[in-house]
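Note sheet for the following structure.
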Amino acid sequence: MNLLTHLQRLFHGAVEGIVADPARYAAMVKPAQDARFGDYQANCAMSLAKQLRQKPRDVAERLAASLDLSGMLEKPEVAGPGFINLRLRTDWLAAQLQRMAAADRLAIEPVQPPRTYVIDYSSPNVAKPMHVGHLRSTIIGDALARLLRFLGHKVIADNHLGDWGTQFGMLLYGYKHHRDEEALRSDPVREMVRLYLLVRREIDPAEKVEEEPGNAKDYSEADLTRSREALAAVRSETAKLHAGDEENLALWRQFMPWCYAEIEAIYRRLDVHFDHTFGESFYQPMLVGLVDDLLARGIARPSEGAIAVFVEGEETPTLVRYRNGAYTYTTTDLATIRYRMEQWHPDASLYVVGTPQEMHFRRLFGIARRWGYDTIELEHIKFGSVLERLPNGKTEMFRTRAGRVVELGALLDEAVVRAAQQYEQTRADRLERGEEVPQLSQQEEQQIAEVVGLGAVKYADLCQNRTSDYVFDWDKMLAMDGNTATYMQYAYVRNRGIFRRGNVDPAALRSDPPRPILDTPHERALAVQLLRFHEALDAAVADYKPNLITAYLWDLSKAYSGFFDNCPVLKAPTPELRQSRLLLCDLTARVIQRGLDLLGIRTVERM
RNA sequence: GCGCCCGUAGCUCAGGGGAUAGAGCAUCGGUUUCCUAAACCGAGGGUCGCAGGUUCAAAUCCUGCCGGGCGUACCA
């Protein structure tokens, strides 16, 4: 049960007879911002009083008195200028926890009716190595997919690979001029990466000068000439591929699996999965007819040799075909929308793509609606850029210039190495203090390092507000103290340790849960926090913001720490209290594990 | 030029109409006869970029300004 929406419903009922727009006032029920004010607070009396031309405190008193407490709430208190402070009844909390313990899925019922979501995430360019910038789309998209599925929706995860662009022209050119036959035989995947980076460096000067002619001063005449020739050759290879050139097409078919293998290894490691990986190439056959259709319906029209969609008030049009006959990514995206609608009839389609593409999606969605897809929820789940700190102290977006990006594989390796080192350090510190240290096999240690290291990387990204940019920083990305996955994983481990030490089987607590006793503030606070899990998930999905889950887990872990430090479990004063506390522990473990799982982060039993 | 986003503690960032603005890191101090100290408790530190406005109530909404970023017809 989502406590907040439940309370809002109660207030909706209380306000219904008084005003015309009860929902507005019901929405003013919020979690209390200070524990002294109770668990929740209703802030509607003040504005209600204004409208009714009455005293705020009088309105609050009357509202409080008329509220259906439904066995859930203590008598509300009116405070300050007219806040209504709500406190959940302890016996009600206990009953809910008991229910939660016995229920599958922590008493979170699947939504009715479920919706069908297409989520488009990760979507890397296949020919180039993935770098930190790709992490966000991949991880945020995966988390949203997991969350929506858990809540009961149907999710189709589609990885819209960039498998048809200039980067393949680069590979074709690189293959034809620089290939190393031996390397190609022994490790084609690495050879693809090498060729990409090589050509990248080769054409970089020419591209930079095209962007900004002033950059020409950075290069010698000869270098620039060579670079321009290479760039022209790359473009010609791309054009030949797109025109159906047999040789290039055959090479493309050969390269694709090699390139994808590189990416797939990272997905496997990150435990990220897709239902489909239709790349851009998949949609190419549909583009001619699509543009004809846009022309026929008067949505697009020829302009300066290209075919463009104009929108009143917009300075520039959106091109769906370039003068040279090539189709644009808008065209491919439109084909994708049509294909998805015909195949899956989704209620919503989410695009987890960086903020810089905001305008593209605004225009794309506008055209799609004019084209007839006007009932589906099309949503750009935008996220901020990963920035790099320059030597002069300023920050700027990572450019895909050779050598300047942090490759994702290297980041993940580093994370795991650091986790292993951290573990060694911690173990040594514990031994020095004369503490017990879990005896772990080499293999187990490696497994822990993997889970902790990758968890750190994912959590560092997910706990930020999606829309903020952030400056990449190894230490921050791999941090393992404070509000991090490691903290959560450790809370889980300590929790499981109790069951191991006490030789208690949690299954018994679930099949026949005792009624918890919530007499201390620590136990009560933990109970409330546990019951707010559903609320946190709903909030996260409402804004498509995974950081609301991490914020919740952090609060939960803090509540658990307070409980852990103050309430002995195995040595509880009475058997009843022991059982009650074991139940709280088990629920906490389940919520942490589930919460992390929804973020794509794993747990271990010992560390 | 136009459009969108951002400016909150030393640093990194939450919060995006409600009570005394929060966290992590860093700094300083404390905690282990007790279930894993990768933990816990405490302290210092902020005119929420500036100026107006709306509101019973503004870090939050509106306008202007300053500073920064991104995007803006043939890369995706």
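Chain letters run A, B, ... following the sequence lines, proteins first and then strands; every chain starts at 1. Here the structure is a predicted model, which means the values were calculated and not measured.
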Quote, to the nearest angstrom, the [atom1] distance that separates [N] from [M].
N     : M     : atom1 : value
B:G15 : B:C6  : P     : 11 Å
B:G45 : B:A23 : P     : 14 Å
B:U36 : B:A59 : C1'   : 41 Å
B:G64 : B:G1  : P     : 15 Å
B:G52 : B:A58 : C1'   : 13 Å
B:U54 : B:A76 : C1'   : 44 Å
B:C65 : B:G30 : C1'   : 49 Å

Whole Å only: how far is the [atom1] atom of [X] from the [atom2] atom of [N]?
X        : N     : atom1 : atom2 : result
A:Arg24  : B:C61 : CZ    : C1'   : 13 Å
A:Asn495 : B:A39 : CG    : P     : 16 Å
A:Gln489 : B:U36 : CD    : P     : 18 Å
A:Met359 : B:G3  : CE    : C1'   : 8 Å
A:Ile498 : B:A39 : CD1   : C1'   : 13 Å
A:Asn43  : B:G17 : CG    : P     : 12 Å
A:Leu431 : B:U36 : CG    : C1'   : 12 Å
A:Asp565 : B:U32 : CG    : C1'   : 11 Å

Exercise. Report the residue (A:Thr316 or A:Thr332) whose heavy-atom-nearest nucleotide on RNA chain B is the more 5′ of the two.
Key: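 Taking each residue's closest nucleotide, the earlier one in sequence belongs to A:Thr316.
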Practice problem: Hey, which sits more toward the 5' end of RNA chain B by its nearest nucleotide, A:Asp34 or A:Arg323? | Solution: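 It is A:Asp34 whose nearest nucleotide is closer to the 5' end.
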Quiz item: Can you list, by residue number, the residues of residues 455-469 of chain A that have a non-hydrogen atom closer than 4.0 angstrom to RNA chain B?
Solution: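 Residues of residues 455-469 of chain A under 4.0 Å from RNA chain B: A:Gln464, A:Asn465, A:Ser468, A:Asp469.
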Practice problem: Could you identify which residues of residues 568-577 of chain A place a heavy atom less than 4.0 Å from some atom of RNA chain B, listed by residue number, or say none? | Solution: A:Pro568, A:Val569, A:Leu570, A:Lys571
Exercise. Tell whether A:Arg363 reaches the base of B:U72 with its side chain through a donor-acceptor pair below 3.5 angstrom.
Key: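 No pair found.
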Self-check item: Sequence-distant partners of A:Ser236, side chain to side chain donor-acceptor pair (under 3.5 Å), two or more places apart
Solution: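 Expected list: none.
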Hey, what's the ring geometry for [X] with [Y], parallel, tilted or perpendicular (30° and 60° as the breaks)?
X        : Y        : result
A:Tyr329 : A:His360 : parallel
A:Tyr560 : A:Phe564 : tilted
A:Trp164 : A:His242 : parallel

Quiz item: Would you say the side chain of A:Arg62 lies within less than 4.5 Å of the side chain of A:Gln54, judging by non-hydrogen atoms?
Solution: yes
Quiz prompt | Side-chain heavy atoms of A:Gln464 within contact of A:Asn547, under 4.5 Å | solution = no
Practice problem: Please indicate yes or no: is the ring centre of A:Tyr423 less than 5.5 Å from the centre of the six-membered base ring of B:A38, with the two planes inclined by under 30 degrees? | Solution: no
Quiz item: Using centres under 5.5 Å plus planes under 30 degrees as the test, is A:Tyr329 stacked with B:A76?
Solution: yes
Quiz item: Are A:Lys30 and B:G16 close enough that a side-chain N or O sits under 4.0 Å from OP1 or OP2?
Solution: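 So the side chain of A:Lys30 is outside the cut-off, no N or O lying under 4.0 Å from OP1 or OP2 of B:G16.
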Quiz prompt | Ranges pairing with ranges for RNA chain B, where each run has three or more Watson-Crick or G-U pairs under 3.5 Å | solution =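 Only these stems qualify: B:1-7 with B:66-72, B:10-13 with B:22-25, B:27-31 with B:39-43, B:49-53 with B:61-65.
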Practice problem: Give a yes or no on whether the ring-centroid distance for A:Tyr487 and A:Trp554 is below 6.0 angstrom. | Solution: yes
Nucleotide N/O to protein N/O under 3.5 Å, stretch nucleotides 22-29 of chain B:
from: B:A23; atom 1: O2'; to: A:Trp554; atom 2: NE1; distance (Å): 3.3

Quiz item: With A:Glu444, which residues qualify under salt bridge (Lys or Arg N to Asp or Glu O under 4.0 Å), at least two apart?
Solution: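 Once residues adjacent in sequence are excluded, the partners of A:Glu444 under the salt bridge (Lys or Arg N to Asp or Glu O under 4.0 Å) criterion are A:Arg606.
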Quiz item: Got a salt bridge between A:Asp333 and A:Arg363, using NZ or NE/NH1/NH2 to carboxylate O under 4.0 Å?
Solution: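 The answer is no: the pair does not qualify as a salt bridge.
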